[in-house]
Amino acid sequence: MKNFYITTTLPYVNADPHIGFALEIIQADAIARYQRLLGREVIFNTGTDEHGLKIHRKAEEQGMSTQEYCDMYAARFDGLKTLLNLSYTHFIRTTDAHHKAAAQEFWNRCMESGDIYKKNYQVKYCVGCELEKTDSELEDGKCPLHPKNEIELIDEENYFFRFSAYQEKLLKLYDENPRFVLPTHRLEEIRNFVKGGLQDFSISRIKEKMPWGVPVPGDDDHVMYVWFDALVNYISTLGWPEGEANFQENWPGIQVAGKDNLRQQSAMWQAMLMSAGLPNSEQIFIHGFITSEGQKMSKSLGNVVSPKEIVEEFGIDAVRFYLLGALPAYDDGDFSRERFQEYYTAHLVNGVGNLTSRILTMLEKYADGKVPKQAQDIFGIQEFWVNYKSNMEKFAFDEVVKETNTLVGKCDGIISEQKPWEKVKNGEDISDLLYQLAECLAHIGGALYPIIPQSAQRILGAFGLDAQEMNIENIKSGILQGGESATKGEILFARLD
RNA sequence: CGCGGGAUAGAGCAAUUGGCAGCUCGCCGGGCCCAUAACCCGGAGGUUCUCGGUUCAAGUCCGAGUCCCGCAACCA
């Protein structure tokens with residue numbers, strides 16, 4: 001069986017990790033962990049995109065060599081692994097020697113296909129900024145920072161990629177794979193874009209003006225434009241082109257990206273793959289953006305949410321739980337402190353956390369800290385997993401969390417209804433109920449593992465179970481055998497002040 | 001008529017093929033004492049953006065309009 005391969009986009013190292021990227025990589029992590037629970041071997045890739053003019057300039061500003069600058073940022077991004085408790089297996093940097101060689105090989109293949117050619121290209125240049133400008137950076141055809149200066153048009157020769165040749169092929173790809181891009185409205189969006197006609201895009205820059213890039217094979221005067229080299233990371237990280245066997249075992253994979261990346265991932269990169277004679281990606285999942293207190297995040301508004309700060313304040317799992325559960329998986333969502341605290345208290349403290357205490361305490365008090373003998377499931381556990389899996393396959397993390405919360409509520413409801421404490425006083429046997437509750441809690445622990453790994457492991461650990469050894473492929477009631485000792489540990493989720 | 005998304009309770013969101021407008025949080029009242037002042041039950045709160053149409057029946061379908069948010073290409 002082919003390995004499961006998932007990758008994030010590579011963040012550009014011109015700023016510290018953004019909460020939006022934290023969302024993306026946590027989503028990918030949840031999927032990766034879920035697939036491991038299914039028993040699959042998982043390749044999970046992330047890394048850093050390190051070429052381009054902006055980075056070169058930024059390094060200059062800070063008085064560092066470009067490589068030093070990149071090293072510093074790459075380390076900072078790799079630090080997310082610990083900060084967010086991520087399980088990625090590959091971390092690629094586009095300045096890695098192997099990646100650069102792969103990008104050059106990719107270029108050669110596209111060249112052989114006849115899809116790369118040289119063309120005159122007019123760069124719009126603002127003398128005030130001494131920078132190239134794109135149309136969307138201009139207001140009324142002028143640089144907003146230097147409106148008095150006319151924009152100069154500078155002719156230069158660039159290499160172009162024959163994107164226009166791939167319109168029909170891309171449309172066919174979308175038609176044949178109705179779930180190629182999720183959510184489906186994003187597929188519609190890209191389909192419309194492609195239908196509207198494609199223009200070839202520039203894939204190189206003059207080295208003299210922009211030295212920080214992968215050299216174009218056979219032309220010392222040019223370096224690759226960052227996009228072209230960065231996209232190749234999805235396969236260079238797998239060892240392409242050398243490790244053909246390894247590559248075949250892993251490619252194609254699932255790519256997680258933000259909505260700003262829809263075109264690059266689901267059209268440009270796909271056309272590039274076709275040109276190089278390689279299989280297309282398996283699926284692209286597009287997530288939305290996070291607003292801050294209802295507004296677009298921006299440095300000037302001072303409302304940028306730092307993943308580091310909120311993790312330090314609330315803990316990893318609280319942050320993961322909010323990002324995956326409280327934000328709509330397919331659309332933009334809002335981060336607000338108030339809502340964050342509300343959500344945390346309602347579902348983690350009062351929900352899962354409190355239920356765990358209730359059940360474990362009852363096992364201690366009424367069953368000598370031992371799971372009673374097996375009894376028939378009363379919580380619809382099998383059906384729960386069916387929904388769980390179907391939601392995970394659709395990246396509907398919010399639904400996954402909602403279903404899990406509902407199961408927690410069911411347990412609370414049954415406890416209130418059955419009043420085990422009363423039955424004990426009356427000398428009735430409650431061991432069946434205690435087993436059912438313990439069993440259900442163990443399933444809740446398994447279900448939450450991809451979402452909040454640490455806390456979920458603590459739930460499972462109370463019964464001596466280990467998430468690493470769990471397999472949910474054919475899971476049904478009965479993962480507790482009866483007789484396990486159940487130990488109530490520390491409180492799972494501390495109440496906020 | 002550039003493309004796409006959206007407008008439903010105070011907030012955030014749901015409503016298979018048209019079929020009693022629901023969920024979470026918050027608010028009010030009651031219950032319980034296993035639990036992290038947690039949990040359970042009940043209640044208040046809606047002209048589903050507007051106008052018109054189709055239908056026994058419209059949040060859902062059709063037409064017109066208003067308002068919000070992205071994107072509009074080589075910006076990583």
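The structure displayed is predicted, hence computed values, not measured ones. Chain A is the first sequence line, chain B the second, and so forth, proteins listed ahead of strands; every chain is numbered from 1.
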Does A:Phe201 stack onto the base of B:C74, taking stacking as ring centres under 5.5 Å apart and planes under 30° apart? no
Looking only at side-chain N and O atoms, does A:Gln255 offer a donor or acceptor that is under 3.5 Å from a partner on A:Thr7? no
Which nucleotide sits closest to the side chain of [X]: [options]?
| X | options | answer |
| --- | --- | --- |
| A:Phe193 | B:G4, B:A73, B:A35 | B:A73 |
| A:Glu422 | B:C33, B:C13, B:U36 | B:C33 |
| A:Leu198 | B:C33, B:U36, B:A73 | B:A73 |
| A:Arg495 | B:U36, B:A73, B:A76 | B:U36 |
| A:Phe160 | B:A76, B:U36, B:C74 | B:C74 |
| A:Arg263 | B:A73, B:G4, B:A35 | B:A73 |

Whole angstrom is fine here: how far is it from CD in A:Glu188 over to P in B:C71?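 So the two atoms are 20 Å apart, to the nearest Å.
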hbond_proxy A:Asp260 side chain to B:A76 base (donor-acceptor, 3.5 Å cutoff): yes
Between the side-chain atoms of A:Asn261 and the base atoms of B:A76, is any donor-acceptor pair under 3.5 Å? yes
Would you indicate what [X] reaches in the nucleic acid, counting non-hydrogen atoms under 4.0 angstrom: base, sugar-phosphate, or nothing?
| X | result |
| --- | --- |
| A:Gly353 | base |
| A:His51 | nothing |
| A:Lys410 | nothing |
| A:Ser357 | base |

Distance check, C1' atoms only: B:C39 and B:U47, in whole angstrom units.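 The same atom, C1', in both gives a distance of 37 Å.
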Wobble G-U and Watson-Crick pairs count when both distances are under 3.5 Å; given that, what is the 5' to 3' dot-bracket string of RNA chain B, with | for pairing to other strands? .((((((..((((.....[..)))).(((((.......))))).....(((((..]....))))))))))).....
Got a sec, which residues hit salt bridge (charged side-chain N to carboxylate O under 4.0 Å, His left out) with [X], two or more places apart in sequence or on another chain?
| X | result |
| --- | --- |
| A:Arg495 | none |
| A:Asp368 | none |
| A:Lys365 | none |

Holding to side chain to side chain contact (heavy atoms under 4.5 Å, CB included), I want the full list of residues that pass it with A:Met224, two or more places apart in sequence or in another chain. A:Ala103, A:Gln104, A:Trp107, A:Val214, A:Val216, A:Pro217, A:Phe228, A:Asp229
N/O donor to acceptor pairs below 3.5 angstrom from side-chain atoms of residues 395-402 of chain A, sequence neighbours left out:
{"unit_1": "A:Asp398", "atom_1": "OD2", "unit_2": "A:Ala329", "atom_2": "N", "d": "3.4"}

